[in-house]
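Letters A, B, ... mirror the listed sequences (proteins, then strands); counts begin at 1.
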Number of protein chains: 4
Amino acid sequence: MAPGGLKRPTTDEMAKPARRNDVEGKRARRRRQVIDAAATVFAEKGYHGASTRDIAERLQMQQGSLYYYFPSKDAALEEVCRAGVADFVEGLERIVAGPAPAGDKIRAAVANHLEPFGDRPDYVRTFLFDRHALPRGARREVGALSRRYEALLERLFAEGVAAGAFRPDLDARVAMLAFIGTCNMAAMRGRSGEALPLHRMIAGFADLILAGAAVR
Amino acid sequence: MAPGGLKRPTTDEMAKPARRNDVEGKRARRRRQVIDAAATVFAEKGYHGASTRDIAERLQMQQGSLYYYFPSKDAALEEVCRAGVADFVEGLERIVAGPAPAGDKIRAAVANHLEPFGDRPDYVRTFLFDRHALPRGARREVGALSRRYEALLERLFAEGVAAGAFRPDLDARVAMLAFIGTCNMAAMRGRSGEALPLHRMIAGFADLILAGAAVR
Amino acid sequence: MAPGGLKRPTTDEMAKPARRNDVEGKRARRRRQVIDAAATVFAEKGYHGASTRDIAERLQMQQGSLYYYFPSKDAALEEVCRAGVADFVEGLERIVAGPAPAGDKIRAAVANHLEPFGDRPDYVRTFLFDRHALPRGARREVGALSRRYEALLERLFAEGVAAGAFRPDLDARVAMLAFIGTCNMAAMRGRSGEALPLHRMIAGFADLILAGAAVR
Amino acid sequence: MAPGGLKRPTTDEMAKPARRNDVEGKRARRRRQVIDAAATVFAEKGYHGASTRDIAERLQMQQGSLYYYFPSKDAALEEVCRAGVADFVEGLERIVAGPAPAGDKIRAAVANHLEPFGDRPDYVRTFLFDRHALPRGARREVGALSRRYEALLERLFAEGVAAGAFRPDLDARVAMLAFIGTCNMAAMRGRSGEALPLHRMIAGFADLILAGAAVR
DNA sequence: TATGAATGAGTATTCATTCAT
DNA sequence: GATGAATGAATACTCATTCAT
């Protein structure tokens with residue numbers, strides 16, 4: 001179910017000689033630390049509320065040294081947002097394409113949506129709250145992904161209705177919004193001790209979306 | 001159902017002589033325009049992304065002149081957030097205290113929650129996304145309101161379970177989170193043409209929360 | 001003969017009521033001081049070698065306060081360059097259009113060229129040495145003026161040849177270059193005590209260009 | 001007539017064994033490339049407008065690697081300026097000391113002055129426009145060379161007057177300035193396609209300085 | 001009420017330079 | 001000989017805020 005996370009430019013990892021791989025690995029690892037720090041700070045204070053100094057301090061590094069790893073704060077946000085949105089669509093596509101009954105698909109979709117909140121919450125939260133701060137081009141690309149995700153989800157509900165698995169009067173668009181809103185709630189509860197365990201959210205949210213609160 | 005809105009300096013409105021009242025009214029009206037502008041700009045760019053210049057420009061006013069109306073940007077945020085959160089709790093308290101069956105209460109609560117999004121979306125959205133930027137004191141107060149709101153909502157679900165109206169295995173806390181997440185979805189869809197009409201959201205969200213998506 | 005200097009936006013000076021005029025005057029005067037300071041610093045250290053701090057210090061002002069008067073260092077350079085190039089073309093056009101014999105026109109042209117070096121040397125020098133640092137648009141405009149000036153000057157020589165006043169084998173293009181190079185020499189000798197008095201340069205340069213060094 | 005150019009570490013070239021010489025040659029060649037790149041970049045953007053990164057990029061080299069070839073940007077400028085001013089004085093000294101009539105000497109001096117613009121324009125232009133950015137010591141030395149050059153040139157004119165070859169009322173100082181200004185015009189026309197061929201400038205400038213524009 | 005001028009601290013970013021490898 | 005990583009100071013510019021008028 002699309003665990004993934006972000007394994008940056010690992011491509012042809014084995015093609016390179018060991019030594020080179022090691023060096024590359026070191027550099028990549030450091031780079032990852034830097035982007036991680038950016039994600040954390042962005043998630044904590046918001047993109048505009050976070051300064052490059054904040055990021056540097058967290059790395060015990062000089063402010064300007066960051067620019068060795070990314071060309072601008074904007075670019076860092078872009079990288080974080082892309083990683084934050086990654087896998088959502090792919091995972092959902094696999095689920096939608098699968099053979100399972102509609103109800104199971106919804107359950108799988110909830111799990112697919114919530115897992116990244118456990119894996120890399122700072123990336124996802126930054127994507128959710130600060131994607132509007134992205135520079136034009138990236139905003140558009142990332143926005144397209146979002147819309148694709150929503151369309152898939154809406155289709156999932158619509159197909160459930162068509163298959164007779166969901167109520168015939170179900171408003172697929174509304175259901176899609178409720179699904180996303182519900183799942184993204186996990187983003188607001190981040191980092192605090194008050195957070196519910198993820199598995200409880202996954203099960204609970206799926207039950208609610210499928211069966212609702214009322215007795216039958 | 002609790003229209004309210006923010007009629008800020010309503011206090012002792014009638015205590016003052018008519019003339020004075022008129023002048024006060026003018027002043028108050030201007031003041032309102034200023035806070036409105038702040039809310040709009042905060043909602044558009046986020047608190048940290050918005051500058052006092054942005055606010056002043058929207059009012060066709062000089063940057064420094066704003067400070068005649070509020071003592072600091074922080075204070076403006078505070079005022080906006082307070083207005084953004086106002087009525088939510090009062091409305092929900094009235095509903096919870098009422099005699100209606102649990103299902104009807106949920107429907108009423110959805111309406112109570114979504115109405116402010118129609119009335120003063122910029123205030124609500126600023127509250128939702130930027131309350132963490134509030135200065136300590138205000139953040140705590142506003143946080144207390146939030147927690148009170150959540151507690152009320154959770155109680156509403158719990159009482160429904162106890163009364164046999166809701167599934168006995170319903171996780172009231174999870175249901176509360178889903179409720180809020182679902183309803184706050186209205187905030188993300190703001191301002192764009194793609195927004196769904198409010199009444200469709202109210203009905204659809206309530207149906208989903210109560211009956212779920214699956215056929216019975 | 002090239003009175004000018006730069007009397008910025010003095011337009012319809014008398015149309016406005018006295019009071020307003022006074023205030024406007026004050027603002028304009030301050031603005032002028034700021035641009036003057038920029039011109040001086042640019043002339044002294046070159047555009048890239050000069051920092052906005054340098055400019056501010058010279059005005060006993062805070063660095064950021066400069067931006068009340070111009071929107072960017074680039075813009076300040078543009079204003080300085082425009083003022084530095086102003087009047088050159090107009091003056092030369094008047095001379096070229098006039099009825100005087102070719103030799104007298106050259107003399108007048110030398111005076112026209114050198115006068116701004118006396119009036120506002122920092123502006124002219126900045127234009128001469130740093131116009132290439134101008135942002136695209138302004139560079140083009142200012143470059144067009146330069147080319148127009150050169151074309152006029154070359155025509156002046158060419159017409160002198162045609163009229164029989166100048167040697168028939170005179171290369172007008174080369175003569176134009178020599179003229180400009182010679183006159184711009186005044187820019188290199190700026191500010192230092194070793195500067196020759198302007199009138200001596202005017203007379204001497206004109207004599208040389210017309211009669212050369214050799215005995216007849 | 002003083003072709004020269006800069007064969008920097010020519011000293012004790014032959015003292016070393018052939019093999020070493022070869023290696024040294026390689027090193028020297030690389031070194032030359034580096035200084036060449038610096039000269040080009042300085043000429044293009046001005047000393048302060050050029051960054052060490054610009055230089056490194058042009059060499060497809062890492063920024064820090066430059067410091068293997070020069071100890072500081074200042075030092076690179078110094079080397080470029082010294083090479084830019086080299087030979088001017090020596091060449092002129094030879095001409096002044098020679099037996100030719102004054103007019104011929106002027107012609108020779110024009111050629112002497114313009115040749116380096118063909119040989120190593122980036123060096124000469126950097127010297128002309130950025131020598132003021134040199135560190136104190138070098139600036140003084142280079143300034144002394146300049147003054148010596150001017151003095152020689154002025155003497156050349158003065159001796160021409162004394163010898164009756166030049167007009168008795170010729171202002172030698174003014175003539176010297178005109179000479180230099182005229183010849184340095186070649187520096188402004190650099191790199192662009194609009195440049196005149198050097199030989200045309202040499203002949204034309206010399207004619208103008210000697211005979212002037214007017215008919216006799 | 002409001003403006004225009006200014007401040008002082010802060011922002012992202014660039015730079016020349018260093019140094020272990 | 002050269003690289004990659006880093007530094008520390010400087011850069012242009014923005015910001016919230018103040019205050020005399």
*Apply the test salt bridge (charged side-chain N to carboxylate O under 4.0 Å, His left out) to residues C/Glu79 and C/Arg31: give CA-CA distance (whole Å), side-chain angles for both, the deciding distance (0.1 Å), then the verdict.*
CA-CA 11 Å; C/Glu79 190 153 344; C/Arg31 213 191 118 75; 2.4 Å; yes
*asked:* With rounding to the nearest 0.5 angstrom, report the CG to CZ distance, D/Asp54 to D/Arg58.
replied: 9.5 Å
*From C/Lys73 NZ over to C/Ile55 CD1, what is the distance, rounded to the nearest 0.5 angstrom?*
7.0 Å
*Contact letters for nucleotides 13-21 of chain F, in which S counts primed atoms plus P, OP1 and OP2 and B counts the base, heavy atoms under 4.0 Å*: BB-BBB---
*Does NZ or CZ of C/Arg125 come closer than 6.0 Å to the centre of the six-membered ring of C/Phe129, within 45° of the ring's axis?*
no
*asked:* Strictly below 4.0 Å: does A/Arg27 bring a side-chain N or O up to OP1 or OP2 of F/dT3?
replied: no
*Grab the CG-P distance between A/Leu59 and F/dA6 for me, whole Å please.*
10 Å
*Is the distance from OP1 or OP2 of F/dA6 to the nearest side-chain N or O of A/Arg30 less than 4.0 Å?*
yes
*Hey, what do you get for CG (C/Leu66) to CG (C/Leu59), rounding to the nearest 0.5 Å?*
6.5 Å
*What integer distance in Å separates C/Glu57:CD from F/dT11:C1'?*
14 Å
*For D/Gln60 and F/dG4, give me the distance from atom CD to atom P, rounded to whole Å.*
13 Å
*Could you let me know what E/dC15 is paired to, Watson-Crick or G-U wobble, both distances under 3.5 Å, or none if it's on its own?*
F/dG8
*F/dA6 phosphate, OP1 or OP2: any side-chain N/O from A/Gln62 under 4.0 angstrom?*
no
*D/Met61 side chain, from C-beta outward: closest of F/dA5, E/dA5, F/dT3*: F/dT3
*Which word best sums up how the rings of A/His132 and A/His48 line up, parallel for under 30°, tilted for 30 to 60°, or perpendicular for over 60°?*
tilted
*Salt-bridge contact B/Arg139-B/Glu78 (side-chain N to carboxylate O under 4.0 Å)*: no
*Atom-to-atom span, NZ of D/Lys45 to P of E/dT14 - whole angstrom*: 12 Å
_Please report the distance, rounded to the nearest Å, between CG in A/Leu66 and C1' in F/dT7._
12 Å
*Taking a pair as Watson-Crick or G-U wobble with both distances under 3.5 Å, which nucleotide is matched to E/dA9?*
F/dT14
*Over how many whole Å does the gap from C/Arg29 atom CZ to E/dA5 atom C1' extend?*
15 Å
*Who does E/dA20 pair with, Watson-Crick or G-U, both distances under 3.5 Å?*
F/dT3
*Separation of A/Ile55 atom CD1 from E/dA12 atom P, in whole Å?*
8 Å
